[in-house]
Enquirer: 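The structure that follows is given in the form of structure tokens.
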Amino acid sequence: MPELPEVETVRRGLQPILEQRVLTRVEQRRPDLRIPFPDGFAARLEGHRVEALRRRAKYLLLDLDDDTVVIAHLGMSGRMVVRPKGSNAPLETHDHVVLHTDQGESVVYNDARRFGLMTLTDRKSESSHPLLRHLALDPTEPGFTGPHLADRLAGKRTPIKAALLDQTVVGGVGNIYASEALHRAGISPRRLAASVKGQRAERLAAAIRDVIAEAIEAGGSSLRDYVQADGELGYFQHRWRVYDREDQPCPTPGCHGLVKRIVQSNRSTFYCGFCQR
DNA sequence: ACGAGAACCTGTTTGC
DNA sequence: TGCAAACAGGTTCTCG
């Protein structure tokens, strides 16, 4: 569910709730998610002020005032739900972590499938942390250019669609935006990754940058992974051109193809066989 | 050493 | 209507 734009939407939504707030109490309601919580997880957060809420690719990073960094990932089904001050709504089945702030609001981490995670590192170890160390540049960063992308793809014998999902190639792109970017760039998802270079890599880098930027602007695609007290976000799903549109007409002007669905590395890919080469 | 597929886990949708 | 199978926005392990 959450790809880079959704995680960025969550970050922006949580920023005013968490930044500069003290975590007065933290509830950890089960021993593990995809990986175990570190020893003393909740206690190590309590009493500390959140200095910043950052994002790297699909990871959320909470900087605490003692140089602790909380690493969070939403997996497929993770959500962050804001509980307003004074709410006494009961916690739900998959509410795994609750961060209570000194302003009375709290943030609830809910993840039915538990493919997400929360763990700890510190500022100086962050860049060498196993989860973050090999992450590629993400498309919102200045160095994300055609030549850079071509360099990351060089020598890869896998289809370009699979390569785009590899977080050491592009940070933050997931299954929806991989299909969307390839359609915008007119590149077949089955094309050999290493053959995407030069002008073609330039087009793909631009398409990735554009689709990610537009999706962030629209507040992401998901209506589920993030719920702000004052309403719902996630309008980008109405702008999908190929994802989840099997058998519908290709939206490229003048193209009379139909959107096809294929399976690559066990994931659905949507594309037009006419205008994507 | 690389790449494809399975596995992780639960909920929802689809098809018989 | 009911039940089972297929499928879901991610990552990581195993196997060939």
Side-chain angles (χ1 to χ4, degrees), chain A residues 1-11 29-36 55-60 71-80 92-96 109-119 129-136 138-139 152-182 189-195 208 211-212 215-216 218-227 232-247 261-270:
Chain A
M1 149 217 49
E3 303 183 33
L4 188 160
E6 291 72 38
V7 178
E8 178 61 17
T9 299
V10 169
R11 191 191 70 80
R29 307 180 69 240
R30 55 170 299 127
D32 55 17
L33 296 170
R34 197 183 85 211
I35 61 174
R55 179 188 56 72
R56 277 200 61 193
K58 299 172 194 170
Y59 289 91
L60 284 170
I71 302 175
H73 195 291
L74 299 172
M76 291 277 259
S77 54
R79 294 143 50 188
M80 295 283 195
E92 294 173 21
T93 318
H94 301 294
D95 289 344
H96 304 311
Y109 178 93
N110 177 293
D111 184 4
R113 295 176 74 180
R114 303 199 304 276
F115 288 170
L117 64 87
M118 278 198 199
T119 191
H129 191 281
L131 290 168
L132 308 177
R133 187 173 36 186
H134 300 295
L135 278 181
D138 85 45
R152 303 308 300 169
L153 295 171
K156 293 213 164 284
R157 311 285 305 163
T158 195
I160 183 64
K161 159 62 171 14
L164 293 181
L165 297 184
D166 180 344
Q167 300 296 295
T168 71
V169 172
V170 183
V173 168
N175 204 42
I176 294 176
Y177 298 107
S179 282
E180 291 297 310
L182 287 166
R190 319 168 85 131
R191 172 179 278 279
L192 189 71
S195 77
I208 295 170
V211 73
I212 293 292
I216 290 172
S221 291
S222 179
L223 292 170
R224 301 187 163 203
D225 45 326
Y226 165 63
V227 183
E232 300 214 312
L233 299 172
Y235 293 99
F236 194 80
Q237 58 177 318
H238 303 300
R239 306 237 287 265
W240 292 343
R241 296 185 188 174
V242 288
Y243 184 81
D244 204 22
R245 299 181 72 85
E246 186 177 15
D247 294 335
R261 173 185 180 274
I262 59 172
V263 174
Q264 295 178 292
S265 308
N266 275 347
R267 316 292 308 276
S268 290
T269 299
F270 298 87

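Here is how names work: the chains are called A, B, and so on, in the same order as the sequence lines, proteins then strands, and each is numbered from 1.
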Enquirer: Output yes when at least one side-chain N/O atom of A:His73 is less than 4.0 Å from OP1 or OP2 of C:dT11, else no.
Expert: yes
Enquirer: Could you please name the option among C:dC7, C:dG10, B:dG3 that lies closest to any side-chain atom of A:Arg267?
Expert: C:dG10
Enquirer: Mapping A:Arg157 and A:Asn266 to their closest nucleotides on DNA chain B, which lands nearer the 5' end?
Expert: A:Arg157
Enquirer: For A:Ser265 and B:dG3, is the shortest distance between a side-chain N/O and OP1 or OP2 below 4.0 Å?
Expert: no
Enquirer: To the nearest Å, give me how far apart CG (A:Asp244) and P (C:dA8) are.
Expert: 8 Å
Enquirer: Are the side chain of A:Asn175 and the backbone of A:Ser268 linked by a donor-acceptor contact shorter than 3.5 Å?
Expert: yes
Enquirer: I need the CG-C1' distance between A:Asp111 and C:dT11, as an integer number of Å.
Expert: 13 Å
Enquirer: Quick check on B:dG11: is either OP1 or OP2 less than 4.0 Å from any side-chain nitrogen or oxygen of A:His94?
Expert: yes
Enquirer: Please tell me if the side chains of A:Arg190 and A:Thr269 come closer than 4.5 Å, counting only heavy atoms from C-beta onward.
Expert: no
Enquirer: Choose from C:dT12, B:dG3, C:dA8 the nucleotide whose nearest atom is closest to any side-chain atom of A:Lys156.
Expert: B:dG3
Enquirer: Would you find a donor on one side and an acceptor on the other, under 3.5 Å apart, between the side chain of A:Lys58 and the backbone of A:Val173?
Expert: yes
Enquirer: At under 4.0 Å, does any side-chain N or O of A:Arg113 touch on OP1 or OP2 of B:dC8?
Expert: no
Enquirer: Under 4.0 angstrom, heavy atoms only, what part of the nucleic acid is A:Gln264 near: base, sugar-phosphate, or nothing?
Expert: nothing
Enquirer: I'd like to check, for A:Phe115, whether its ring lies over the base of B:dC9 with centroids under 5.5 Å apart and a plane angle smaller than 30°.
Expert: no
Enquirer: Taking only N and O in the side chain of A:Thr158, is any of them less than 4.0 Å away from OP1 or OP2 of B:dA4?
Expert: yes
Enquirer: Determine the interatomic distance between P on C:dC3 and the same-named atom on B:dC9; round to the nearest Å.
Expert: 25 Å
Enquirer: Could you tell me the separation between the CG atom of A:Leu74 and the P atom of B:dT10, rounded to a whole number of Å?
Expert: 18 Å
Enquirer: Indicate, with a heavy-atom threshold strictly under 4.0 Å, whether A:Asn175 touches base, sugar-phosphate, or nothing.
Expert: sugar-phosphate
Enquirer: Measuring to OP1 and OP2 of C:dT11, would you say a side-chain N or O of A:Gln167 lies under 4.0 angstrom away?
Expert: yes
Enquirer: Taking atom P of C:dT11 as reference, at what distance in whole Å does atom CG of A:Leu33 sit?
Expert: 15 Å
Enquirer: Measure up the A:Phe270 and A:Tyr243 rings against each other and bin them: parallel (under 30°), tilted (30 to 60°), perpendicular (over 60°).
Expert: perpendicular
Enquirer: A:Ile35 has an atom CD1; how far is it from atom P of B:dC9, in whole Å?
Expert: 15 Å
Enquirer: Thinking salt bridges, do A:Asp111 and A:Arg113 make one under a 4.0 Å N-O criterion?
Expert: no
Enquirer: Could you state the CG-P distance from A:Leu135 to C:dT12, rounded to the nearest angstrom?
Expert: 9 Å
Enquirer: Now, which nucleotide makes the Watson-Crick or G-U wobble pair with B:dC9, with each of the two distances under 3.5 Å?
Expert: none
Enquirer: To the nearest Å, how far apart are A:Glu246 CD and B:dT13 P?
Expert: 18 Å
Enquirer: Using heavy atoms to find the nearest nucleotide of DNA chain B for A:Arg114 and A:Gly155 separately, return the residue whose nucleotide is more 5′.
Expert: A:Gly155
Enquirer: Is the phosphate of C:dG10, meaning OP1 or OP2, less than 4.0 Å from a side-chain N or O of A:Lys58?
Expert: yes
Enquirer: Quick check: does any side chain N or O of A:Glu246 sit under 3.5 Å from a backbone N or O of A:Asp244, one acting as donor and the other as acceptor?
Expert: no
Enquirer: Round to the nearest Å and state the distance from A:Arg133 atom CZ to C:dT11 atom C1'.
Expert: 16 Å
Enquirer: Considering every strand and a 4.0 Å limit on heavy-atom distances, what is the contact class for A:Pro159: base, sugar-phosphate, or nothing?
Expert: sugar-phosphate
Enquirer: Name the nucleic acid region contacted by A:Leu131, choosing base, sugar-phosphate or nothing; use a 4.0 angstrom heavy-atom cut-off, strictly under.
Expert: sugar-phosphate
